[in-house]
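Atom set for the values below is all heavy atoms of this structure, side chains included, hydrogens, waters and symmetry mates excluded. In what follows, every chain begins at residue 1, and chains take the letters A, B, ... in the order their sequences are listed.
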Protein chains: 2
Amino acid sequence: MGTQLLNEQTCYERLRNWIIDGTLQPNERLIELDLAARLGTGRATIRTVLARLEQEGLVVREPNRGARVRFVSPEEALEILEARTAIESLLARFAAMRARPEDIAQMRDLLAQMHACVEQGDLVSYSALNTALHRVIAEAARHRTAARLLETLGSQSVRYQYRTILAPGRPATSLAEHDAVIRAIAVHDPDAAEQAMRAHLSGVCETLRRLKQGH
Amino acid sequence: MGTQLLNEQTCYERLRNWIIDGTLQPNERLIELDLAARLGTGRATIRTVLARLEQEGLVVREPNRGARVRFVSPEEALEILEARTAIESLLARFAAMRARPEDIAQMRDLLAQMHACVEQGDLVSYSALNTALHRVIAEAARHRTAARLLETLGSQSVRYQYRTILAPGRPATSLAEHDAVIRAIAVHDPDAAEQAMRAHLSGVCETLRRLKQGH
DNA sequence: GTCTACAAGATTGTTAACAATCCTCCTACA
DNA sequence: TGTAGGAGGATTGTTAACAATCTTGTAGAC
């Protein structure tokens with residue numbers, strides 16, 4: 001597998017993934033020549049990619065001092081989650097208005113799998129399914145502006161997403177909350193869906209706040 | 001005033017302003033050499049600035065075909081307003097929790113000026129004051145994540161912000177709604193503040209929907 | 001032993017030139 | 001008359017070299 005020549009968009013996606021999956025760690029310096037060599041492209045491309053990632057909140061650049069992976073503090077992670085609550089509640093509302101039968105079937109399928117995971121104590125798969133479910137809801141809402149905001153918020157806080165589900169009693173609660181959200185969407189009740197999603201994510205916020213206190 | 005040499009940040013801000021204030025019109029092509037000459041910098045700088053503005057939603061770039069000012073359709077403007085509603089409600093909630101006496105005084109001052117504008121029928125000044133008031137509320141919330149989202153949303157939809165206030169009966173209603181928001185913030189009632197802000201912006205959304213139907 | 005000054009290396013910022021691509025307009029041909 | 005093809009110009013994409021800035025390590029003064 002030789003090093004291919006990559007265009008800007010591909011470089012952007014790869015670098016973004018490296019930051020999100022932790023290949024590049026928070027506060028790690030991003031040296032242009034380094035990245036250019038690793039991605040098989042020139043410095044100019046890396047430069048514009050870094051600018052984009054800064055605008056997206058994944059990277060910090062300082063004049064004459066280069067770029068580094070942005071470190072998101074626990075306080076910031078909470079802020080991000082609060083903002084997500086606002087956006088996802090909106091998306092749940094629209095999903096209740098615009099979801100098609102296929103969308104709802106997919107949600108129920110994922111929910112059933114999540115149920116199985118909790119019974120088996122497989123919290124890693126549960127987290128993945130949870131992310132997938134939220135994505136399906138976002139897509140069912142057919143609201144690109146909100147979906148876009150959510151995606152950038154999500155990418156900034158991936159490192160904190162596994163924490164809350166580990167709190168004692170959380171899995172069962174979380175499952176019930178998701179159930180309420182999907183039931184409201186299935187009967188096309190926007191108010192109930194928004195309310196249920198807000199309740200769900202407020203619960204997550206609260207858990208995260210308590211976790212922060214503990215440590 | 002000779003052409004100064006400008007660094008990236010300055011170029012970014014200037015170009016951004018040109019787009020927001022309409023100096024550069026929607027769908028207008030952004031030619032790198034052109035902008036470089038106008039801003040007194042090189043193509044490389046312009047290139048990264050355009051990448052940032054694309055990520056911010058103010059510019060669209062197509063490979064090998066350059067960049068243009070993004071045209072925001074009325075449908076999208078509505079989506080943006082809906083997202084703003086979610087974010088600003090959150091900010092109102094936090095403003096109610098964290099506003100200091102100075103913040104509240106500033107809000108009341110702006111509200112009084114808005115009152116005067118409505119009486120004199122000066123809707124242009126009213127719009128400006130309206131923007132300023134929302135900004136003060138956002139700052140009083142001390143929630144940088146939400147504030148940042150709001151700023152990018154706002155910049156995308158400036159072209160539509162003057163429309164709704166022109167609807168018959170809107171100024172008086174708008175004034176009353178702002179009054180309710182600020183009263184809730186002043187007595188530090190987060191639920192009421194969030195609710196009042198949501199009601200206010202939902203009203204704006206509704207007006208915009210009706211305006212769209214009309215035309 | 002600690003601090004300052006300075007030199008060397010590393011990294012970013014800027015410029016210019018070249019290559020690749022796209023767009024426009026003109027011509028030739030059916 | 002209308003359409004395919006191609007030449008030329010305009011614009012973007014890429015590369016390399018150079019300039020400016022920062023960082024690091026070392027030597028010398030106190």
- request: Decide, yes or no, whether a salt bridge links B:Glu8 with A:Arg61 under the criterion of side-chain N to carboxylate O below 4.0 Å.
  value: yes
query: Atom CG of B:Leu33 and atom C1' of D:dT12: how far apart are they, to the nearest Å?
result: 9 Å
Whole-Å distance separating the CD atom of A:Glu32 from the P atom of C:dG13: 6 Å
- prompt: Do A:Asn130 and A:Ser127 have side-chain N/O donor and acceptor atoms under 3.5 Å apart?
  reply: no
Distances under 3.5 Å between protein N/O atoms and the N/O atoms of nucleotides 6-10 of chain D, please, pair by pair.
none

message: Quick test of your reading of the model: are B:Arg144 and A:Glu79 salt-bridged, counting only N-O distances below 4.0 Å?
response: no
- prompt: Can you tell me how far P of D:dT14 sits from CZ of A:Arg47, to the nearest Å?
  reply: 16 Å
message: Any salt bridge linking A:Arg135 with A:Glu139? Criterion: basic side-chain nitrogen under 4.0 Å from a carboxylate oxygen.
response: no
query: At their closest point, which heavy atom of B:Glu88 faces which heavy atom of B:Met197, and how far apart are they?
result: O-CG, 3.5 Å
statement: note: A:Ile46, atom CD1; D:dT14, atom P; distance rounded to Å ~ 11 Å
query: Are a donor atom and an acceptor atom from the side chains of B:Glu13 and B:Gln9 found within less than 3.5 Å of each other?
result: yes
- prompt: In chain order, what residues pass the side chain to side chain donor-acceptor pair (under 3.5 Å) check against A:Thr173, with sequence neighbours excluded?
  reply: none
- request: Quick one: closest heavy-atom pair of A:Ala92 and A:Ile137, and the distance?
  value: CA-CG2, 4.3 Å
- prompt: Under a 4.0 Å N-O cut-off, is there an ion pair linking A:Arg47 with A:Glu32?
  reply: yes
message: Measure CG/B:Leu30 against P/D:dG13 and give the value in whole Å, please.
response: 13 Å
message: So A:Leu50, base contact, sugar-phosphate only, or nothing? Heavy-atom distance under 4.0 Å.
response: nothing
- request: Could you check how far CG of B:Leu39 sits from P of C:dG13, rounded to whole Å?
  value: 18 Å
- request: Using heavy atoms and a sub-4.0 Å distance, could you list which residues of residues 54-62 of chain A are near DNA chain D? By number, please.
  value: none
What N/O pairs connect the protein and nucleotides 18-23 of chain D at under 3.5 Å? Give each pair on its own line.
| residue | atom | partner | partner atom | Å |
| --- | --- | --- | --- | --- |
| D:dT23 | OP1 | A:Arg65 | NE | 2.7 |
| D:dT23 | OP1 | A:Arg65 | NH2 | 2.5 |

message: Tell me whether A:Glu151 at atom CD has more than 12 heavy atoms from other residues, nucleotides or ligands lying less than 6.0 Å away.
response: no
query: Just how large is the angle between the end axes of the helix from C:dG1-D:dC30 to C:dA30-D:dT1, five pairs per end, to 10 degrees?
result: 10°
Electrostatic pair B:Arg142:B:Asp103 at N-O distance under 4.0 angstrom: yes
field: Under-4.0 Å salt bridge between B:Glu206 and B:Arg209
entry: yes
message: Checking B:Thr23 now: which residues fulfil side chain to side chain donor-acceptor pair (under 3.5 Å) with it, not counting sequence neighbours?
response: B:Asp21
